[in-house]
Amino acid sequence: MGDSGGSVLSVDVERISFGGKEHHIQTNHGSVSVAIYGDHDKPALITYPDLALNHMSCFQGLLFCPEAASLLLHNFCIYHISPPGHELGAASILPSTPVASVDDLADQVADVLDFFGLDSVMCLGVTAGAYILTLFATKYRERVLGLILVSPLCKTPSWSEWFYNKVMSNLLYYYGMCNVVKDILLQRYFGKGVRGCSNEPESDIVQACRSFLDQRQGMNVWRFIQTINERKDLTENLKQLQCRTLIFVGENSQFHAEAVHMTAKLDSRYSALVEVQACGSVVTEEQPHAMLIPMEYFLMGYGLYRPSQINCSPRSPLNLFCVSPELLSPESMGMKLKPIKTRANLKS
């Protein structure tokens, strides 16, 4: 652990059932929960989830994928940051507590790094969490080695997103985490194929997420919605990023166009877009195996590898024959990735 400095302090809570350790850190912008997995001596990977999610509901699928867990935990110590009041067992934030701005949340990330004595880190964020980590990277460029972003936001809310956020805000304020709010959130996270319909039940992934949402404090989610709905446009700052960036987006994500826009504004020499077909926004839960090989090649640019490089998982939608040939070239090892899709048409 690094010197906390200033007023930053921590209370530890063991999470034996999940193999990690949770710290509640009082930062300069309020309390934040950080769950840590792995060897503290390894490089740090910071994660930040989407709206109303935490590390168990946003990154569990990815880290329960053995190949991805092997890749990430072999190379990193993972620091899961939860939005204020989104951690497991969180109490309702006092109404008198000011609602944090997006800049406050980005500065919280810097406070977390200071507390743990971390200099430069890799970042993995999903949608709203991807926005917070991108903002962090624009404010603290020297502290970010690379960005892995899933269905990221980078502009001010569209009219449709603003409207849905307002609907959820009003429902949360008066009724809490009701079924209508959960349905709107599940549409935000997942594609139609797993959400079910009148003739088909919801998939296990969606049912598990619905159960996680039941545990959220409605007013804490309301606060995060207020924060994200007031976000600023980061487009002009993207060219200033000094790190490599790998972007995943589900083909059916509500934020597909925004991910494409963000990719176009980044330096094309150091960024890549991976479209995951038949998937919604939260690729980490819906199709985590689709992330494995792109991440693997991305991390090769940093000299990082999986323990075993011989065989690809047969469960992965990617294999060496459906990856863009350019991705396999020497320049692709984190230096110049190409846009690819995760399901190539292999018909002759």
Side-chain angles (χ1 to χ4, degrees), residues 47-69 71-72 78 80 82 86 124-131 133 148-153 161 164 181-197 199-216 246-260 262-263 272-296 298 312-319 322-323 339-344:
T47 76
Y48 211 107
D50 191 20
L51 179 68
L53 301 178
N54 56 36
H55 71 282
M56 286 304 299
S57 49
C58 195
F59 300 104
Q60 178 177 254
L62 180 63
L63 292 174
F64 277 20
C65 167
E67 299 88 346
L71 173 66
L72 296 177
I78 303 177
H80 293 294
S82 291
H86 282 53
L124 168 60
V126 178
T127 313
Y131 178 92
L133 293 180
I148 302 173
L149 307 175
V150 180
S151 304
L153 306 176
E161 185 194 351
Y164 277 109
V181 172
K182 286 185 281 188
D183 287 339
I184 294 173
L185 287 170
L186 291 171
Q187 289 177 19
R188 173 189 176 100
Y189 304 149
F190 301 113
K192 293 180 180 179
V194 297
R195 291 204 313 270
C197 59
N199 299 324
E200 296 183 15
E202 291 178 341
S203 70
D204 292 343
I205 295 171
V206 175
Q207 290 181 23
C209 188
R210 188 181 288 276
S211 177
F212 273 116
L213 292 175
D214 283 332
Q215 302 170 31
R216 299 282 73 75
L246 177 60
I247 296 177
F248 294 91
V249 65
E251 178 186 36
N252 301 320
S253 170
Q254 297 176 8
F255 309 105
H256 184 280
E258 189 146 352
V260 173
M262 183 173 185
T263 305
L273 173 66
V274 179
E275 181 186 82
V276 183
Q277 295 188 350
C279 188
S281 295
V282 186
V283 183
T284 51
E285 291 295 310
E286 191 170 346
Q287 290 200 38
H289 290 93
M291 299 178 64
L292 176 62
I293 290 179
M295 284 197 306
E296 198 164 358
F298 180 73
C312 291
S313 168
R315 293 175 291 168
S316 175
L318 281 173
N319 58 54
C322 64
V323 177
I340 65 173
K341 289 194 175 184
T342 59
R343 292 184 183 175

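What you see below is based on every heavy atom in this structure, not just the backbone, and it leaves out hydrogens, waters and symmetry mates. These figures come from a predicted structure and were not determined experimentally.
Of the inter-residue distances, the one linking Phe212 atom CZ with Leu185 atom CG reads 14.5 Å to the nearest 0.5 angstrom. For the atom pair NZ (Lys192) and CD (Glu200), the distance works out to 13.0 Å, reported to the nearest 0.5 Å. Summarising the geometry, atom OH belonging to Tyr48 is positioned 13.5 Å from atom CG belonging to Leu124; distances are rounded to the nearest 0.5 Å. Note that the CG atom of Asp50 and the OH atom of Tyr131 stand 14.0 Å from one another [nearest 0.5 Å]. Within the model, atoms CZ of Phe255 and CE of Met262 stand 14.0 Å from one another, a figure rounded to the nearest 0.5 Å. Annotation: the span from Ser211 atom OG to Lys182 atom NZ amounts to 8.5 Å, rounded to 0.5 Å.
By the salt bridge (Lys or Arg N to Asp or Glu O under 4.0 Å) test, Asp204 pairs with no residue at all, sequence neighbours left out. Glu258 meets the salt bridge (Lys or Arg N to Asp or Glu O under 4.0 Å) test with no other residue; sequence neighbours excluded.
The one candidate from Val150, Leu246, Val276 that meets the side chain to side chain contact (heavy atoms under 4.5 Å, CB included) condition with Met291 is Val150.
In this structure the side chain of Leu72 reaches within 4.5 angstrom of the side chain of Leu62, judged on heavy atoms. Under the 4.5 Å side-chain criterion, counting only non-hydrogen atoms from C-beta, Asn54 is in contact with Arg216. Using a 4.5 Å cut-off on side-chain heavy atoms (C-beta onward), His256 and Glu275 make contact. Under the 4.5 Å side-chain criterion, counting only non-hydrogen atoms from C-beta, Met56 is not in contact with His80. Within the 4.5 Å cutoff, no side-chain heavy atoms of Glu286 are placed close to those of Tyr189. Between Leu53 and Cys209 there is a side-chain heavy-atom pair separated by less than 4.5 Å. By the 4.5 Å heavy-atom criterion applied to side chains, Val249 and Val260 are not counted as neighbours. With a 4.5 Å cut-off on side-chain heavy atoms, Phe190 and Ser203 do not count as touching.
Between Ile205 and Glu285, the closest heavy-atom pair is CD1-O, 3.4 Å. Scanning both residues, Glu202 and Arg210, for their nearest heavy atoms gives OE2-NH2, 2.6 Å. Of all non-hydrogen atoms in Val274 and Pro294, the two that sit nearest each other are CG2-CB, 4.0 Å. Taking every heavy atom of both residues into account, Glu251 and Ala278 meet most closely at OE1-N, 2.9 Å. Residue Leu213 comes nearest to Ala52 through the heavy atom pair CD2-O, 3.6 Å, listed as atom of the first residue, atom of the second, then distance. The nearest pair of heavy atoms linking Gln287 to Cys279 is NE2-CB, 3.6 Å.
A salt bridge between Asp183 and Arg195 is absent, with no side-chain N of the basic residue lying under 4.0 Å from a carboxylate O of the acidic one.
Using modelled atom types, one side-chain atom of Thr127 and one backbone atom of Ser151 make a donor-acceptor pair closer than 3.5 Å. Using modelled atom types, one side-chain atom of Thr284 and one backbone atom of Cys58 make a donor-acceptor pair closer than 3.5 Å.
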